[in-house]
Number of protein chains: 2
Amino acid sequence: MANPERSTELLWGAKGRGGLNLERIVRAGIELADAEGLAAVSMRRVAERLGYTTMSLYRHVPGKAELVDLMRDTALGTEPDLGPPRGWRADTEAWARSGLEFYRRHPWLLESAGVRHVPGPNSIAGFEQALAIVAATGLRPAQVVAVVGLVGHFVESAAREVVETTRIERRTGVGHDEWWGARDSLYQHLDRYPTLTRIYEEGGFDEPLDPFEFGLQRVLDGIEALIRDEVRDETRCAVCGKVIDPAETGRPRAYCSRACQQKAYRRRKV
Amino acid sequence: MANPERSTELLWGAKGRGGLNLERIVRAGIELADAEGLAAVSMRRVAERLGYTTMSLYRHVPGKAELVDLMRDTALGTEPDLGPPRGWRADTEAWARSGLEFYRRHPWLLESAGVRHVPGPNSIAGFEQALAIVAATGLRPAQVVAVVGLVGHFVESAAREVVETTRIERRTGVGHDEWWGARDSLYQHLDRYPTLTRIYEEGGFDEPLDPFEFGLQRVLDGIEALIRDEVRDETRCAVCGKVIDPAETGRPRAYCSRACQQKAYRRRKV
DNA sequence: ACATCTGGTATACAGCATATACAGGGAGAG
DNA sequence: CTCTCCCTGTATATGCTGTATACCAGATGT
């Protein structure tokens with residue numbers, strides 16, 4: 001993937017000379033987006049930041065849409081792993097939490113999330129990670145896929161909420177005030193919203209629960225209920241997914257065969 | 001709210017004469033967005049559709065952002081209600097389903113959902129509806145708010161997925177093929193994604209579960225678990241939320257007092 | 001009768017993505 | 001060495017976008 005010639009050129013070329021690169025363009029785009037949001041990423045701005053003309057970019061990138069695709073997948077690539085496995089629930093939680101952290105670092109990804117989303121290798125790697133975690137529950141394959149989709153979309157949605165909130169708070173100082181200021185015009189029609197009124201008066205909006213933490217526990221509870229209903233009490237091999245027939249004595253088996261045990265060991269070692 | 005003069009003008013002016021209106025502009029914007037997506041809504045296009053010049057719109061609307069806000073709230077206004085109450089779970093499900101249906105009708109709302117979202121009266125009305133449903137569970141106020149947020153965001157997220165899928169399928173004919181076509185380049189690196197490979201081979205992607213139906217049941221299950229843990233076995237008044245002390249004989253009480261019973265009756269009647 | 005306001009128009013400008021034409025430099029062929 | 005061709009970067013132009021500014025006709029108020 002990483003052309004070594006280009007990489008050294010990228011690492012050592014520094015100041016601006018050394019010619020234009022795909023990598024340099026993508027990096028400049030990401031920096032711009034991290035700092036000022038996706039809307040600030042225009043071909044002009046990216047080119048300016050690199051000291052070239054607008055059209056020079058088109059020698060390396062087909063168009064803006066593709067640039068954004070590349071930016072997304074590249075940004076994904078710099079993420080850490082989740083540590084040692086501790087059961088599907090803890091692992092899924094860790095996966096979700098790292099996803100949130102990721103969106104926090106690159107909020108602009110949320111702005112372009114609705115669009116077509118051509119999956120790059122790094123994006124697929126995250127998908128694989130989640131599939132492996134959830135597959136260990138023993139759910140049926142289609143259910144595994146659905147669960148991963150559910151959690152993934154939940155993270156995206158919650159991140160959108162959290163990021164938006166912090167952005168507004170940072171921009172308007174307090175934030176809460178502005179929100180309730182806009183609500184002032186509502187107070188005249190409050191009789192039309194009796195439940196809203198009651199919940200407001202009971203302080204339901206004073207200290208809102210963290211939407212990510214709250215929602216995540218609900219979603220995981222829901223998945224747990226599904227597992228309880230669907231999965232017979234069989235342990236399954238983390239490598240191949242086959243049912244493991246339980247050992248009658250001694251330490252419970254974790255793999256269905258020596259082959260899978262070895263495979264897991266090798267994978268763990270690299 | 002609805003200026004009768006303007007409304008009659010709007011209803012009877014028909015063909016194009018009768019002058020420009022806020023309502024006509026907003027309606028034209030919605031029609032355009034429904035047909036061609038939010039990206040197609042430009043001041044020029046809206047004006048053309050009405051037979052006026054671009055700048056004429058600015059006599060009635062401060063700018064495009066405000067026009068979109070108005071479009072959103074107006075679109076929300078034409079939605080049906082949910083029928084008679086049948087318990088929090090069925091009601092929440094109905095609310096979510098109507099939300100999905102709404103997004104299906106106006107997919108462009110999803111494109112502008114991430115943004116600041118100034119809440120209009122109709123949007124608040126939907127919020128009130130959901131609050132009333134969830135408040136009947138007896139959860140604490142902050143929890144009620146969090147649950148409504150969770151379900152609302154889930155609907156938005158699932159709708160995005162569903163709408164996107166149908167759009168791609170409609171545009172590219174089959175859709176599935178295109179998706180797996182893009183995956184062709186992946187097959188060379190499949191050894192890097194063992195779980196993905198296994199799930200694919202087991203048919204986990206062949207007949208994907210409906211993300212809305214699947215996710216909704218998980219989310220509701222999670223909420224149900226929360227209620228089971230949090231709520232003592234007390235029935236609560238749907239009007240004021242107070243605890244109802246149970247009737248020892250006869251039909252179970254639904255309201256905490258005659259006053260609330262009457263209030264509910266009056267509200268139901270209008 | 002005159003001023004002011006309202007609603008619609010025409011023109012202009014800055015920003016955007018990108019198509020097209022062109023220029024210099026390096027590589028390879030004759 | 002020269003000629004050609006490709007690769008890379010540039011300059012210019014087109015057609016979008018939102019909107020500022022200036023103008024103009026007609027209605028209304030005084």
Side-chain angles (χ1 to χ4, degrees), chain A residues 3 5-10 13 15-30 32-33 35-72 108 111-112 115-116 118, chain B residues 3 5-10 13 15-30 32-33 35-72 108 111-112 115-116 118:
Chain A
N3 183 334
E5 202 168 7
R6 278 195 164 177
S7 287
T8 50
E9 204 177 0
L10 178 67
K15 275 302 157 51
R17 291 301 85 213
L20 216 38
N21 274 350
L22 222 186
E23 284 96 344
R24 290 187 63 192
I25 294 174
V26 171
R27 258 209 328 180
I30 291 179
L32 213 49
E36 304 182 45
L38 194 63
V41 178
S42 77
M43 299 303 262
R44 269 172 173 69
R45 295 283 311 270
V46 172
E48 270 173 21
R49 167 175 277 254
L50 293 167
Y52 289 86
T53 59
T54 309
M55 291 314 292
S56 67
L57 304 185
Y58 286 91
R59 292 288 164 200
H60 305 265
V61 157
K64 185 180 176 177
E66 289 84 351
L67 173 56
V68 174
D69 284 346
L70 282 171
M71 282 168 55
R72 170 166 34 228
W108 51 273
E111 298 173 47
S112 80
V115 221
R116 58 218 154 100
V118 179
Chain B
N3 182 334
E5 202 167 7
R6 281 196 161 175
S7 288
T8 50
E9 205 177 359
L10 178 68
K15 276 300 155 55
R17 290 302 85 211
L20 217 36
N21 274 350
L22 222 184
E23 283 96 345
R24 290 187 62 192
I25 294 175
V26 172
R27 260 210 326 182
I30 291 177
L32 213 47
E36 303 183 44
L38 194 62
V41 178
S42 76
M43 300 301 264
R44 272 169 170 70
R45 295 281 313 269
V46 172
E48 269 174 21
R49 168 175 277 254
L50 293 167
Y52 289 87
T53 60
T54 309
M55 293 313 293
S56 66
L57 304 185
Y58 286 89
R59 294 285 165 200
H60 305 266
V61 158
K64 186 181 175 175
E66 291 82 351
L67 173 57
V68 174
D69 285 344
L70 282 171
M71 282 167 57
R72 170 165 35 228
W108 50 274
E111 297 174 47
S112 81
V115 220
R116 59 219 154 99
V118 178

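Throughout, protein chains are lettered first and strands after them, A, B, ... in sequence-line order, and every chain is numbered starting at 1.
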> Round to a whole Å and report the spacing from CG of A:Leu20 to C1' of C:dG24.
17 Å

> Roughly, in whole Å, what's the span from CG in A:Leu57 to P in D:dA11?
14 Å

> What is the distance, to the nearest angstrom, from the OH atom on B:Tyr52 to the P atom on C:dG7?
12 Å

> Sequence neighbours left out, what passes side chain to side chain donor-acceptor pair (under 3.5 Å) with B:Arg59? Give chain and number order.
none

> Among residues at least two apart in sequence or on other chains, which ones pass side chain to side chain donor-acceptor pair (under 3.5 Å) with B:Glu48?
none

> Rounded to the Å, how far apart are B:Glu66 CD and D:dT19 P?
8 Å

> Could you state the CD-P distance from A:Glu48 to D:dG9, rounded to the nearest angstrom?
17 Å

> Return the value, rounded to whole Å, for the distance between atom CG of A:Asn21 and atom P of D:dT8.
10 Å

> Taking atom P of C:dG7 as reference, at what distance in whole Å does atom CG of B:Leu50 sit?
16 Å

> Please identify each residue that fulfils side chain to side chain contact (heavy atoms under 4.5 Å, CB included) with B:Leu57, with sequence neighbours left out.
B:Leu20, B:Ile25, B:Met43, B:Val46, B:Ala47

> With side chains defined as the heavy atoms from C-beta onward, is the minimum distance between B:Trp108 and B:Val41 less than 4.5 Å?
no

> Can you tell me how far P of D:dT17 sits from CG of B:Leu32, to the nearest Å?
10 Å

> When you check every protein heavy atom under 4.0 Å of nucleotides 10-19 of chain C, what one-letter string (B, S, -) results, 5' to 3'?
BB----BBBB

> Who pairs with B:Thr53 by side chain to side chain contact (heavy atoms under 4.5 Å, CB included), at least two apart in sequence or on another chain?
B:Ser56

> Among residues at least two apart in sequence or on other chains, which ones pass side chain to side chain contact (heavy atoms under 4.5 Å, CB included) with A:Arg49?
A:Ala28, A:Glu31, A:Leu32

> Report yes if a side-chain nitrogen or oxygen of B:His60 is closer than 4.0 Å to either non-bridging phosphate oxygen (OP1 or OP2) of C:dG8; otherwise report no.
yes

